[in-house]
Amino acid sequence: MPTNSGAPARASSKSKKSGPGAPKKARKVPKSFKVDGTPKKRWSSAERADRGLGPRKSGGQPNRAQRRREQFGAPVTSAGAERPRFDRESDDRPARDKTPRGDNRSRSDERPRFDRKTDERPRFDRNTDERPRFDRNTDERPRFDRNTDERPRFDRKTDERPRFDRKTDERPRFDRNTDERPRFERSGDDRPRYDRTKPELSRQTRSERPRHEAGSDRWRSTRDSRTGDNRPADNRSGGWRDDRGSRDNRSAGFSRGTDRPARSDSGESNADTMSWTARELAPVDTGAVTAEHGFARLGLPKPLVAALISEGITDPFPIQAATIPDALAGRDVLGRGQTGSGKTLGFALPMLTTLGGPAKGNRAPRGLVLVPTRELAMQVADVIAPLAKTMDMSVTLIAGGMAYGPQIRAFERGVDVVVATPGRLIDLMEQGALDLSRVEVAVLDEADHMADLGFMPAVTTIMDQMPAGGQRLLFSATLDRAVDRLVKKYLDNPVTHEVDSGQATVSTMVHHVVHILPHDKNALTAEIAGRPGRTVIFVRTQRGADRVAEQLRAAGVTAGALHGGLTQGARTRILAAFKDGTVPVLVATDVAARGIHVDDVGLVLQVDPPAGPKEYLHRAGRTARAGGTGVVVTLALPHQRKELQRLTSQAGVASAPLEARPGDEALARATGSRQPSGAAVSQADFEKLIAPPARGGGRPKNRKDFGRRDAGGYRGGNRRGTGGRSRG
DNA sequence: AAAAAAC
């Protein structure tokens with residue numbers, strides 16, 4: 001040890017020597033005692049007033065011990081002998097007890113501390129104190145006498161109360177043999193709603209299907225519908241797949257429901273789901289396509305090229321030009337292209353071309369696209385479906401939060417391409433509704449994300465169901481070593497295409513880190529969100545999204561929250577309202593960070609820092625898509641500055657930070673920020689804005705999922721949906 | 001650590 005006699009090291013304080021002559025460090029001495037052990041003078045408020053001082057600030061408030069002294073008299077007085085424990089000179093505690101307890105304890109040192117071994121708290125003098133005391137050895141508190149106490153007590157060994165044991169659970173209320181409620185049986189599944197011979201049943205809403213204790217929170221979910229928090233109290237990080245192993249877990253409320261009632265709309269049906277139907281293209285004239293056309297030169301068939309032209313897509317983007325030929329050649333491909341650079345078509349076009357057309361005979365899916373979120377699944381399916389249609393192939397969207405019936409029936413009819421999120425796909429696999437044994441082309445979109453800890457088990461489960469040797473295409477804007485395990489296990493001699501010219505983000509994107517003060521955060525958020533044009537705001541948590549959206553509406557900015565804790569219907573509606581401009585500001589968790597394309601998002605505001613450089617790039621990538629321009633603003637509180645410096649530097653977008661207070665002109669020039677109106681957007685008005693969208697031209701057929709009660713025909717189509725939300 | 005992925 002260094003012999004720093006001038007400043008005793010922590011270990012050396014074992015030394016008894018701490019008297020007046022000893023070297024002192026201020027922090028080693030309880031601050032309310034002088035170094036010689038006598039207590040410091042503490043001014044009374046009258047004395048403070050005499051000296052022209054105001055009341056004590058919080059740090060100077062008497063602490064508990066001091067208040068007690070004032071109230072009960074002072075066991076600790078200037079006579080040091082009366083508080084022997086705190087007289088360092090005469091302290092006779094065992095040496096090890098005199099080890100300093102760390103600087104953070106110094107404040108409390110002025111108060112009698114409780115030492116389990118040596119404490120003889122004066123305030124509870126054994127001889128005079130009348131209050132019942134608890135002594136571990138002798139106490140025979142009458143009210144808790146073990147022998148005479150009549151109250152039922154809990155004894156781990158003999159207690160008969162039904163307790164929940166994961167393995168041996170025999171809770172009376174869920175007795176397997178006597179319970180009458182319809183029950184999920186893994187084998188011999190007789191769930192009525194999945195009876196494939198009676199498709200009508202599948203169309204029933206969940207609330208109409210036989211099910212467990214409708215409305216029973218214990219059964220349904222641990223979701224807290226008041227706070228909007230869908231997180232179960234436990235098992236938050238265990239991975240949702242793990243919950244699937246035990247039906248008992250589910251019955252005991254360990255599940256993670258997806259049917260949280262919409263906020264402040266608690267009367268609404270739980271079955272607030274999303275529907276999807278393939279978009280259709282206007283008929284195209286394939287005769288107009290020449291072999292000289294950009295996409296045709298890549299080797300794509302005429303119907304596809306014609307369909308692209310009809311969509312206004314005439315020339316391949318670089319990532320498409322790079323990956324399509326290799327993919328058509330049957331190679332496994334790792335494709336990395338900047339956000340908004342056209343990766344979806346980069347895998348969709350070769351996949352459809354390879355599949356060539358509808359299968360003859362067995363029409364189990366031959367193409368599979370796996371994506372991390374439901375919204376992205378819908379978006380990808382929306383891109384692929386019309387293209388597939390031109391080649392007489394069908395595309396099915398398989399994702400949670402949607403009715404089972406259409407998905408199961410789709411497989412009965414025959415499907416060529418499946419676009420799916422992992423959870424529902426596995427669910428259907430386990431039901432036997434889905435056969436992946438004929439998949440020829442499998443795509444992992446956002447592959448690096450699909451390879452992370454939370455998704456990996458589900459992804460491998462699915463990949464393992466597909467025949468080995470099929471073609472695999474992995475795409476992401478941030479395709480890094482995270483996918484190595486997947487590549488090693490499932491890909492064969494893949495070719496990598498990285499089309500970003502070394503640039504992390506597109507050149508049309510401008511990045512600002514804005515240093516702000518904590519109390520300015522809400523005002524600045526509102527000013528930036530109040531800019532004209534579409535804005536996406538990212539926050540870290542679901543509740544943060546709800547909160548920021550609410551605050552923005554209170555400030556007069558029409559903003560809606562999007563996160564995984566909402567019902568799927570609510571998710572779909574708010575995204576639709578954002579896309580059509582009804583709601584110009586979307587406040588989202590990272591559920592919207594990847595892949596989601598909305599035209600003309602002019603600015604991405606990160607109110608909370610992203611989790612990492614990849615998340616930064618993906619969030620930022622919601623703007624400046626397909627050649628457009630965009631601004632990315634990241635707010636940085638003082639304690640986040642370093643972190644953001646590191647993040648932006650790792651993401652390759654570091655730039656000189658701005659400092660801004662509300663009303664800042666430089667910020668206004670950079671972002672278009674402006675003072676919001678201040679006229680709050682009421683909850684009722686907001687809910688009108690996100691009323692069920694008229695998807696697919698608003699044909700009643702497409703709206704049935706918003707009027708879920710119409711199955712029996714006793715109620716008109718979307719009545720319930722609009723009626724429920726448009727009141728008030 | 002959070003979010004996301006099923007009912």
Side-chain angles (χ1 to χ4, degrees), chain A residues 182-186 189 191 193-194 205-207 209-214 216 219-223 229-232 236-247 249-251 253-260 270-271 273-274 370-377 398-405 407-408 420-431 433-434 444-446 449-462 538-545 561-568 571 588-596 608-612 614-615 618-619 643:
Chain A
R183 181 172 299 286
F184 293 146
E185 276 297 334
R186 218 171 245 281
D189 187 350
R191 280 174 281 183
R193 60 185 166 175
Y194 302 137
T205 65
R206 274 182 34 198
S207 53
R209 290 182 211 126
R211 63 171 189 181
H212 314 270
E213 292 282 335
S216 157
W219 181 260
R220 301 283 314 154
S221 166
T222 55
R223 189 187 297 274
D229 188 352
N230 75 333
R231 284 166 287 188
R236 183 65 188 137
S237 60
W240 58 274
R241 281 282 300 159
D242 299 342
D243 296 348
R244 301 169 53 107
S246 160
R247 296 289 176 193
N249 280 0
R250 194 169 316 177
S251 63
F254 288 94
S255 66
R256 302 193 61 208
T258 55
D259 53 0
R260 184 180 93 192
N270 279 343
T273 61
M274 150 173 90
L370 222 46
V371 300
T373 63
R374 297 170 183 176
E375 282 74 16
L376 186 53
I398 302 295
M402 307 172 67
Y404 278 87
Q407 298 181 2
I408 290 173
T421 51
R424 179 64 69 89
L425 195 72
I426 290 174
D427 193 350
L428 294 179
M429 271 165 42
E430 288 178 349
Q431 290 182 39
L434 167 61
L444 289 185
D445 199 5
E446 309 296 344
H449 193 220
M450 301 299 275
D452 87 13
L453 246 43
F455 273 114
M456 194 65 170
V459 172
T460 55
T461 299
I462 292 166
F538 282 106
V539 296
R540 193 176 59 98
T541 64
Q542 297 181 349
R543 302 178 80 156
L562 174 65
H563 58 73
L566 301 170
T567 64
Q568 189 53 46
R571 285 168 67 164
T589 62
D590 279 340
V591 69
R594 285 177 176 255
I596 302 302
D608 295 330
K614 289 203 293 183
E615 284 71 20
H618 285 283
R619 285 172 163 195
E643 179 190 2

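A, B, ... follow the sequence lines: proteins, then strands. Residue 1 opens every chain. Computed from a prediction, not measured in an experiment: that's the story for all the values here.
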- Message: Test of understanding: with salt bridge (Lys or Arg N to Asp or Glu O under 4.0 Å), list the residues that count as partners of A/Asp445, not counting sequence neighbours.
- Response: none
- Task: Report yes if at least one side-chain N or O of A/Gln542 is closer than 4.0 Å to OP1 or OP2 of B/dA4; otherwise report no.
- Result: yes
- Message: What I'd like to find out is whether the side chain of A/Met456 reaches to under 4.5 Å of the side chain of A/Leu453, using heavy atoms alone.
- Response: no
- Item | Rounded distance (Å) that lies between atom C1' of B/dA6 and atom CZ of A/Phe455 | 12 Å
- Here the distance between atom C1' of B/dA3 and atom CG of A/Asp452, to the nearest Å, is 9 Å
- Task: Compare side-chain N and O positions of A/Thr421 against OP1 and OP2 of B/dA6 and report whether any pair is under 4.0 Å apart.
- Result: yes
- Query: In whole angstroms, how far is the P atom of B/dA4 from the CD atom of A/Gln568?
  - Reply: 11 Å
- Query: Rounded to whole angstroms, how far apart are CG on A/Asp608 and P on B/dA1?
  - Reply: 17 Å
- Main-chain N/O of A/Val591 paired to A/Thr589 side chain as donor or acceptor, under 3.5 Å: yes
- Message: Using whole Å, what does the distance between atom P of nucleotide B/dA6 and atom CD1 of A/Ile462 come to?
- Response: 9 Å
- Note on the structure: A/Leu425 atom CG is separated from B/dA6 atom P, nearest whole Å, by 9 Å
- Item | All side-chain hydrogen bond (donor to acceptor under 3.5 Å, both in side chains) counterparts of A/His618, not counting sequence neighbours | A/Thr478, A/Arg594
- Note on the structure: To the nearest angstrom, the CD1-C1' distance between A/Ile398 and B/dA6 comes to 13 Å
- Give one of base, sugar-phosphate or nothing for A/Arg571, where a contact means two heavy atoms less than 4.0 Å apart. sugar-phosphate
- Item | B/dA2 phosphate, OP1 or OP2, under 4.0 Å from A/Arg543 side-chain N/O | no
- Query: So, is A/Thr589 close to the B/dA4 phosphate, meaning a side-chain N or O under 4.0 Å from OP1 or OP2?
  - Reply: yes
- Nearest-angstrom distance from the residue atom CG of A/Leu376 to C1' of B/dA3: 15 Å
